[in-house]
2 protein chains.
Amino acid sequence: MTARSTNTGEGSGAQDPHRDIPEATVARLPVYLRVLTSLAERNIASCSSEELAAAAGVNSAKLRKDLSYLGSYGTRGVGYDVDYLSYQIAREIGVTHDWPVIIVGIGNLGQALANFSGFSSRGFRTVALLDAAEQMQGRTVAGLEVRPFADLAEIVAAEQVSIGVISVPATAAQDVADAMVEAGISSILNFAPAVLNVPPGVDVRKVDLSIELQILAYHESRKAAEADETVDNGSEEGITA
Amino acid sequence: MTARSTNTGEGSGAQDPHRDIPEATVARLPVYLRVLTSLAERNIASCSSEELAAAAGVNSAKLRKDLSYLGSYGTRGVGYDVDYLSYQIAREIGVTHDWPVIIVGIGNLGQALANFSGFSSRGFRTVALLDAAEQMQGRTVAGLEVRPFADLAEIVAAEQVSIGVISVPATAAQDVADAMVEAGISSILNFAPAVLNVPPGVDVRKVDLSIELQILAYHESRKAAEADETVDNGSEEGITA
DNA sequence: CGGACTTTGTGACCGCGAGAACAAACTCGC
DNA sequence: GCGAGTTTGTTCTCGCGGTCACAAAGTCCG
Ligand SMILES: NC(=O)c1ccc[n+]([C@@H]2O[C@H](COP(=O)([O-])OP(=O)(O)OC[C@H]3O[C@@H](n4cnc5c(N)ncnc54)[C@H](O)[C@@H]3O)[C@@H](O)[C@H]2O)c1
Ligand SMILES: NC(=O)c1ccc[n+]([C@@H]2O[C@H](COP(=O)([O-])OP(=O)(O)OC[C@H]3O[C@@H](n4cnc5c(N)ncnc54)[C@H](O)[C@@H]3O)[C@@H](O)[C@H]2O)c1
């Protein structure tokens with residue numbers, strides 16, 4: 001999913017034994033962190049891998065292996081300390097401090113994102129909303145004034161922004177991405193249904209609702225086809241045993 | 001990502017040689033379809049795998065292999081016919097006809113989704129908006145009246161809905177999912193940051209913005225750390241050759 | 001203090017998916 | 001009609017990721 005390019009030194013190998021957490025694990029760490037936060041809110045101090053895994057919806061062995069990439073933070077025979085593990089995961093992800101984020105394109109979706117409170121509680125702070133449309137200028141959304149797109153570079157520099165969200169129409173997405181990169185942003189979350197071209201070193205993640213729905217539709221089609229077949233063949237339900 | 005359970009007959013093996021398209025391929029087919037649609041709009045009749053792959057942002061060999069799962073729809077020495085291939089992909093995904101969809105939770109996000117025009121053009125039709133809150137009842141959003149959550153079963157049955165979207169707070173997500181399944185929905189797109197428990201045969205896909213941002217944050221952290229190291233070690237740029 | 005029990009951390013195995021390379025098949029020009 | 005050129009479809013290999021199973025390590029009770 002991520003268009004993460006290989007490191008700057010293309011051929012260097014760069015096998016620093018420091019840490020290299022598998023991408024699949026990185027994608028699950030936030031889930032674990034959320035579960036742990038929820039446990040902490042219920043004043044649960046300690047927790048086994050089995051319980052954690054169940055709450056996160058994954059296999060317990062997978063969870064243990066994931067956590068082992070960060071170090072040995074559990075106690076055998078007991079489990080994991082909720083607060084301690086939470087902190088370790090947050091530190092690994094890099095959300096012990098807040099990341100400033102900007103949103104470009106304050107339409108339907110952009111406004112919903114700006115109004116969304118879930119970001120601030122999970123390590124992010126929306127510092128600016130930008131839009132190119134004349135009639136959006138000066139309007140206030142979620143307590144922030146909508147600023148002209150031309151101010152992008154200035155804002156990024158002033159607030160040290162490295163993460164940008166794109167919620168403009170697909171046709172404008174590449175232009176916005178180019179401007180973001182030019183301004184110094186190196187991570188982009190893209191909601192527009194467009195393939196973004198970015199230079200090495202810049203990460204792009206895309207969220208595409210139509211694709212998600214179409215994947216569901218595919219499985220629905222097959223379920224329907226399967227059901228038809230089962231009707232034709234008569235019942236196939238496990239009467240074997 | 002998908003919590004698709006194994007088929008009804010858990011141990012049956014079900015090796016129907018009919019078709020079994022790899023999940024990774026299924027996730028890319030919608031991207032190809034979008035690219036093809038875009039080409040068709042520009043009156044481009046034919047296209048090589050190389051061009052398609054570039055526009056979709058994937059490797060051309062991978063694209064060819066993906067397409068080969070549907071059959072041999074290309075012409076060697078020429079490429080693919082845009083309209084023909086579009087239709088074949090749409091048929092495989094199952095979006096030659098529209099799928100009725102309902103959205104539950106018409107808050108910030110739900111309203112943005114309801115107002116989003118992109119769904120209808122990609123094989124989906126929002127047939128109902130549901131919300132539990134008293135003050136939402138009777139309001140009209142995107143040309144549809146918001147209906148009480150209690151009407152869920154009735155609507156699903158009347159409109160033959162099999163796909164549901166959840167955009168309620170995380171605490172309510174499991175309840176809504178249960179009700180959806182009870183009503184006969186078998187595919188769920190979940191925006192709430194919660195792990196949903198559903199019976200076998202029901203597909204769930206989740207879209208979690210906080211997780212996406214946290215993954216970006218992780219890579220940002222590492223980029224920052226890397227940059228620090230490079231400064232310490234002096235330049236490491238490819239001077240080797 | 002020791003043994004039984006619990007739970008972590010990890011080694012081994014397997015299957016999916018990505019990518020490179022190539023043979024087959026088709027078109028087009030002569 | 002035929003050869004050169006082009007592009008597909010497929011085979012092979014390799015590495016990542018998921019799962020099982022177990023040894024190591026710690027706790028707790030008698
Ligand atoms: N609304 C949804 O629920 C939804 C769902 C999935 C995907 N999307 C995607 O998200 C994007 C935005 O959707 P939306 O419904 O909010 O659209 P919208 O038309 O409501 O909003 C787009 C905003 O972007 C601004 N804009 C346009 N060009 C710009 C530019 N070059 N620079 C800065 N701002 C610019 C416009 O002024 C407008 O305010 C689209 O690509 C859409 O496909 C939206
Ligand atoms: N707004 C965003 O941009 C955004 C981004 C990421 C994730 N999310 C997630 O999407 C979900 C919705 O976010 P939101 O900002 O729209 O919240 P919101 O509070 O604005 O809207 C939630 C809506 O759900 C309704 N609701 C609550 N319980 C219900 C129930 N049991 N049955 C039916 N309806 C019910 C409420 O009446 C309300 O209208 C949340 O889980 C949130 O974490 C939102």
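The analysis underlying the following values was restricted to heavy atoms, covering all of them including side chains, and did not include hydrogens, waters or symmetry mates. Quick note on labels: first sequence line is chain A, next is B, and so on, each numbered from 1.
Formation of a donor-acceptor pair under 3.5 Å by the A/Thr37 side chain with backbone atoms of A/Leu33 is found in this model. In this structure a side-chain-to-backbone donor-acceptor pair under 3.5 Å is missing from B/Ser60 to B/Ala53. Listed for the A/Ser221 side chain is a donor-acceptor partner under 3.5 Å among the backbone atoms of B/Ile93.
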*Step by step, would you call B/Ser38 with B/Glu41 a side chain to side chain donor-acceptor pair (under 3.5 Å)?*
CA-CA 5 Å; B/Ser38 159; B/Glu41 278 166 7; 5.3 Å; no
_Under the criterion side chain to side chain contact (heavy atoms under 4.5 Å, CB included), I'd like the reasoning laid out for B/Leu63 against B/Tyr32: C-alpha separation, chi angles, the key distance, then a yes or no._
CA-CA 9 Å; B/Leu63 178 135; B/Tyr32 304 153; 3.7 Å; yes
_Run the side chain to side chain donor-acceptor pair (under 3.5 Å) test on B/Ser68 and B/Arg64 for me, step by step, so that the C-alpha distance in whole Å, both residues' side-chain angles and the decisive distance to 0.1 Å come before the verdict._
CA-CA 6 Å; B/Ser68 76; B/Arg64 286 198 299 278; over 6 Å; no
*Evaluate side chain to side chain contact (heavy atoms under 4.5 Å, CB included) for B/Val101 paired with B/Phe119, printing each intermediate quantity in order.*
CA-CA 10 Å; B/Val101 170; B/Phe119 291 157; over 6 Å; no
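Separating the CD1 atom of A/Ile21 from the C1' atom of D/dG17 is a distance of 15 Å, rounded to the nearest angstrom. Rounded to whole Å, the distance from CD on A/Glu50 to P on C/dC5 is 19 Å. Atom CG of B/Asp81 and atom P of C/dC26 are 16 Å apart (whole Å). One atom, CZ of B/Arg64, and another, C1' of D/dT11, lie 13 Å apart when rounded to the nearest Å. In this entry the distance linking CG of A/Leu63 with C1' of C/dT8 reads 11 Å, nearest Å. Rounded to an integer number of Å, the gap from B/Asn59 CG to D/dT10 P is 17 Å. In this structure, A/Asp66 places its CG atom 12 Å from P of C/dG9, rounding to the nearest Å.
Direction of the helix axis in the helix from C/dC1-D/dG30 to C/dC30-D/dG1 shifts by 10° between the two five-pair termini, rounded to 10°.
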Please list each protein N or O that sits under 3.5 Å from an N or O in nucleotides 11-17 of chain C, with the distance.
unit_1	atom_1	unit_2	atom_2	d
C/dA12	N6	A/Lys65	NZ	3.0

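Below 30°, between 30° and 60°, or above 60°: for B/His97 and B/Trp99 the angle between ring planes is between 30° and 60°, a tilted geometry.
For B/Tyr80, a side-chain nitrogen or oxygen approaches OP1 or OP2 of D/dG9 to under 4.0 Å. For the OP1/OP2 pair of C/dT7 and a distance below 4.0 Å, the side-chain nitrogens and oxygens of A/Ser48 include no atom meeting the criterion.
The base of D/dT7 is not paired with the side chain of B/Arg76 by any donor and acceptor separated by under 3.5 Å.
Residues A/Thr75 and A/Ala61 each lie close to DNA chain D; by heavy-atom proximity, the contact nearer the 5' end of the strand is made by A/Ala61.
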Output side-chain donor-acceptor pairs under 3.5 Å for residues 171-180 of chain A, partner residues at least two apart or in another chain, one line each.
unit_1	atom_1	unit_2	atom_2	d
A/Gln174	OE1	A/Asn197	N	2.9
A/Gln174	NE2	A/Asp178	OD1	2.8
A/Gln174	NE2	A/Asn197	O	3.0

